[in-house]
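Following: one structure in structure tokens, then a few remarks.
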Amino acid sequence: MIVTTVLIILSIILSFYFRNYALSSTEEHLEDELSRIENVVLSTHTLDLNDSYLAAEENLIIYSDGHFIAGDSEMAEEIYSEIITSDLTSSTFIVNDINEREFMVKVSDLSEFFESDTAIIKYSDLDSLNQSFLTVLIILIISAAVLFLMTTFFAFFLISRITKPLIALKNSSFSTAGGKYNQLKVTSRDEIGELTLAFNKMNNNIKNTITELTHEKNLRETVFSSLSNGIIYFNTSAEPVYSNDRGQSYYQLFQQNQEEFESFKSLIKEVSRSDENHLERLDIEDLHLQLAMSPVKSLEEENGVTVLIRDITDEYNTEKMRTDFISSVSHELKTPMVMLSGYSEALLDDIVTEPEEVKEMVSIIKDESDRMNKLVSELLIIARMDSDDVLYDIKEQNFTMLLDELHQRFDYKLKDNNIELVIEAGSETVQFPFDYDKLNQVFTNLIDNAIRYTSRGDMITINVAEDNEDYVSIEVRDTGTGIKRENLKHIFERFYKADEARTRGKHGTGLGLYIVSNIIKKHGGTITADSIFGEGTVFTIKLPRK
């Protein structure tokens with residue numbers, strides 16, 4: 001557009017310059033011719049064309065005393081009319097005749113040299129000049145058109161060589177900003193080509209950097225998500241910025257407890273202002289959490305606090321269990337050992353001499369020895385269970401045979417306590433995979449507990465149901481004293497014993513039901529207990545058929 005505008009302006013200027021130059025040249029020629037004719041007329045002082053060579057002059061008009069004495073009369077009339085109507089002040093002017101031809105006219109007034117009005121008029125036809133001007137104008141237009149086409153072609157050439165690569169660079173830059181990394185084709189070796197090479201290299205570097213950052217981010221997310229501990233990063237206002245899944249669940253738990261949550265936020269703000277790590281323990285509901293807080297600073301500016309949340313509930317319970325275990329074992333061993341020691345000394349010192357009394361003391365010593373032996377055996381079983389050293393021989397076996405064996409074993413004890421044991425297993429044989437010895441231990445414990453927590457005339461019922469295709473349901477029901485609701489959820493814990501006043505003289509070690517629960521779980525089954533205090537207790541066992 002710039003080149004075209006310059007060409008148009010230049011063409012107009014050149015056209016007018018050429019026309020003005022041609023008109024000036026014609027005017028100078030007419031003036032020279034008119035001066036020559038004036039000299040001839042003035043030298044002869046006559047206007048007689050016959051006596052002068054003026055008759056041979058072309059385009060000459062002589063005017064005298066209102067009459068044209070020389071020249072074309074039509075042309076003379078046109079010129080005279082132009083002079084009269086236009087009131088020309090210049091001696092040179094342009095006239096168009098009736099045929100629309102253009103003439104330049106030069107007038108010289110000689111009235112002062114003659115007695116009447118006299119003028120000499122010289123004119124020149126401008127058709128040839130106009131034709132030459134038109135020719136030059138066409139040449140200029142053609143030249144401008146050719147130059148316009150050349151500049152247009154050059155412009156498109158520039159677009160293809162410069163603009164298109166730049167547009168491609170711009171679009172690719174936006175693609176890179178949007179996460180799409182495109183490689184551009186290098187089409188030249190100039191500055192644009194070098195810029196394209198630099199852009200491709202930059203694009204590769206950005207792509208590799210983003211890939212590495214994404215890999216590190218994914219790796220960090222995977223590591224943090226796989227941690228059993230919760231990780232939360234807080235800013236200085238105690239607002240969470242980042243957390244893994246476990247940390248998010250802990251934070252939601254904090255929010256549900258308003259008092260602990262406000263205390264936790266205050267602690268975060270305090271740690272962020274300090275330069276020291278802080279270790280805190282937080283107890284919420286049944287959870288015991290350990291909070292390791294570390295302030296994060298850069299360039300001496302506070303950025304936030306990283307909190308590592310570790311669930312120490314198992315450790316707490318284990319420590320508590322260990323303490324209770326030592327206390328319970330010590331208590332369980334102390335009583336029989338004191339009784340053994342006391343009765344043994346009484347026998348050795350001959351304090352008791354009556355045979356019946358001696359026999360009674362020996363019986364007590366034997367019972368306490370059996371109790372200690374049972375306690376030690378159960379402790380050994382629990383130790384082996386905790387270390388997974390207990391082997392299970394689970395295979396398809398006859399459960400009805402196990403129930404019959406249990407009935408025969410407890411028959412004397414049941415009759416002695418006037419308690420009835422009813423087994424409802426149907427007429428068909430009940431078979432499913434189980435470890436014979438382990439389930440024998442389970443039901444021995446349950447029946448023995450039922451006998452101890454029932455009175456004379458009560459009933460113990462074992463009901464086997466095979467309604468479900470996936471598991472076998474076994475209920476051990478008694479009509480004994482039952483278990484209080486607040487104690488029911490603790491009966492499967494180690495060393496837990498209900499009120500010993502409810503037992504029939506002999507109490508257990510508090511380990512039996514824990515062992516029972518562990519054996520059932522190893523079989524892939526479940527055991528639950530339900531009881532109404534004063535009416536009885538029901539233990540429900542579900543064992544898989546496969």
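We're numbering straight along the sequence, starting at 1.
Residues Ser243 and Gln248 are in side-chain contact: their nearest non-hydrogen atoms beyond the backbone lie under 4.5 Å apart. The shortest side-chain heavy-atom distance between Lys484 and Asn487 falls under the 4.5 Å cut-off. Taking 4.5 Å as the limit, every side-chain heavy atom of Ile231 sits out of range of all side-chain heavy atoms of Val307. Residues Ile491 and Ser531 form no side-chain contact, since every pair of their non-hydrogen atoms from C-beta on lies 4.5 Å or further apart. In this structure the side chain of Tyr250 reaches within 4.5 angstrom of the side chain of Leu289, judged on heavy atoms. Residues Glu315 and Arg310 are in side-chain contact: their nearest non-hydrogen atoms beyond the backbone lie under 4.5 Å apart.
A side-chain N or O of Gln258 and one of Glu262 form a donor-acceptor pair less than 3.5 Å apart. With hydrogens and angles left out, the side-chain atoms of His29 and Glu27 include no donor and acceptor closer than 3.5 Å.
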Checking side chain to side chain contact (heavy atoms under 4.5 Å, CB included) for the pair Ile232/Ile309: CA distance, chi angles, key distance, verdict?
CA-CA 8 Å; Ile232 310 177; Ile309 306 174; 3.8 Å; yes
His278 vs Glu276, side chain to side chain donor-acceptor pair (under 3.5 Å): CA-CA, chis, key distance, verdict
CA-CA 6 Å; His278 185 77; Glu276 297 180 355; over 6 Å; no
List the steps and the verdict of side chain to side chain contact (heavy atoms under 4.5 Å, CB included) for Ser473 and Thr540.
CA-CA 7 Å; Ser473 179; Thr540 303; 4.1 Å; yes
Please lay out, stage by stage, how Ile519 and His523 fare under the test side chain to side chain contact (heavy atoms under 4.5 Å, CB included).
CA-CA 6 Å; Ile519 292 174; His523 277 76; 3.9 Å; yes
Give the C-alpha distance, both sets of side-chain angles, the deciding distance and a yes or no for salt bridge (charged side-chain N to carboxylate O under 4.0 Å, His left out) between Asp530 and Arg485.
CA-CA 9 Å; Asp530 192 16; Arg485 183 64 57 182; 3.6 Å; yes
For the pair Arg545 and Asp470, evaluate side chain to side chain contact (heavy atoms under 4.5 Å, CB included) and give the outcome as yes or no after the intermediate values.
CA-CA 6 Å; Arg545 287 185 176 275; Asp470 297 327; over 6 Å; no
Report the C-alpha distance between Tyr251 and Phe261 in whole Å, list the side-chain angles of each, state the deciding distance to 0.1 Å, and finish with yes or no for ring pair (Phe, Tyr, Trp, His ring centres under 6.0 Å).
CA-CA 9 Å; Tyr251 186 75; Phe261 184 62; 5.6 Å; yes
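Among residues two or more places apart in sequence or in another chain, the side chain to side chain donor-acceptor pair (under 3.5 Å) test is passed with Glu270 by none. For the side chain to side chain donor-acceptor pair (under 3.5 Å) test, residues two or more places apart in sequence or in another chain that qualify with Glu475 are Arg477. Residues that satisfy the side chain to side chain donor-acceptor pair (under 3.5 Å) test with Asn235, not counting sequence neighbours, are Glu239.
Here the CG-CG distance, from Leu10 to Leu147, works out to 9.5 Å after rounding to the nearest 0.5 Å. Atom NZ of residue Lys522 and atom CD1 of residue Ile394 lie 10.0 Å apart, to the nearest 0.5 angstrom. Interatomic distance, Leu169 CG to Leu184 CG, rounded to the nearest 0.5 Å: 5.5 Å. Note that CG of Leu219 and OG1 of Thr214 are 12.0 Å apart. Values are rounded to the nearest 0.5 Å. The CD1 atom of Ile141 sits 8.0 Å away from the CG atom of Leu134 when rounded to the nearest 0.5 Å. The CD1 atom of Ile474 sits 12.0 Å away from the NZ atom of Lys542 when rounded to the nearest 0.5 Å.
Checking side-chain atoms of Asn20 against main-chain N and O of Phe16 turns up a donor-acceptor pair under 3.5 Å. With Asn244 contributing its side chain and Gly247 its backbone, the two residues share a donor-acceptor pair below 3.5 Å. Judged by distance alone, with hydrogens and angles left aside, the side-chain atoms of Arg281 form no donor-acceptor pair with the main-chain N or O of Ile312 at under 3.5 Å. Under a 3.5 Å cut-off, the side chain of Asn203 and the backbone N or O of Phe199 do not form any donor-acceptor pair. Judged by distance alone, with hydrogens and angles left aside, the side-chain atoms of Asp393 form no donor-acceptor pair with the main-chain N or O of Asp435 at under 3.5 Å. A donor-acceptor distance shorter than 3.5 angstrom exists from the side chain of Thr135 to the backbone of Gln131, with no hydrogens or angles considered. Of the possible polar contacts, none joining the Ser517 side chain to the Leu513 backbone as a donor-acceptor pair under 3.5 Å is found.
Atom CZ of Phe148 sits in a sparse spot, with 12 or fewer heavy atoms from other residues, nucleotides or ligands closer than 6.0 Å. When the shell of 6.0 Å around CD1 of Ile2 is examined, it contains 12 or fewer heavy atoms from other residues, nucleotides or ligands. Residue Met150 places its CE atom among 12 or fewer non-hydrogen atoms of other residues, nucleotides or ligands, all under 6.0 Å distant. Annotation: Glu259, atom CD; neighbour count of heavy atoms from other residues, nucleotides and ligands within 6.0 Å does not exceed 12. More than 12 heavy atoms of other residues, nucleotides or ligands lie within 6.0 Å of CD in Gln252, so this atom counts as buried by the packing criterion.
Each of Leu267, Val296, Val305 was compared with Ser272 under the side-chain contact (heavy atoms from CB on, under 4.5 Å) criterion, and only Val305 meets it. Tested against His288, the residues Asp283, Asp311, Thr313 include a single side chain to side chain donor-acceptor pair (under 3.5 Å) partner, Asp283.
Taking all atoms of both residues into account, the shortest heavy-atom contact from Glu260 to Leu282 is CG-CD1, 4.2 Å. Nearest heavy-atom pair, Val271 versus Pro295, reported as atom, atom and distance to 0.1 Å: O-CB, 3.5 Å. Across Ser237 and Lys269, no two heavy atoms sit closer than the pair O-CE, 3.8 Å. Nearest heavy atom pair, residue Glu486 against residue His490, reads O-CD2, 3.4 Å. Across all non-hydrogen atoms, the minimal contact from Leu34 to Lys106 is CD2-CG, 3.4 Å.
In this structure, Phe432 and Phe434 have tilted ring planes: the angle between them lies in the 30° to 60° band.
The distance between the ring centers of Phe154 and Phe156 does not fall below 6.0 angstrom. Ring centroids of Phe264 and Phe234 are separated by less than 6.0 Å, placing the two rings close together.
Both tests pass for Lys438 against the ring of Tyr392: distance under 6.0 Å to the centre and angle within 45° of the axis.
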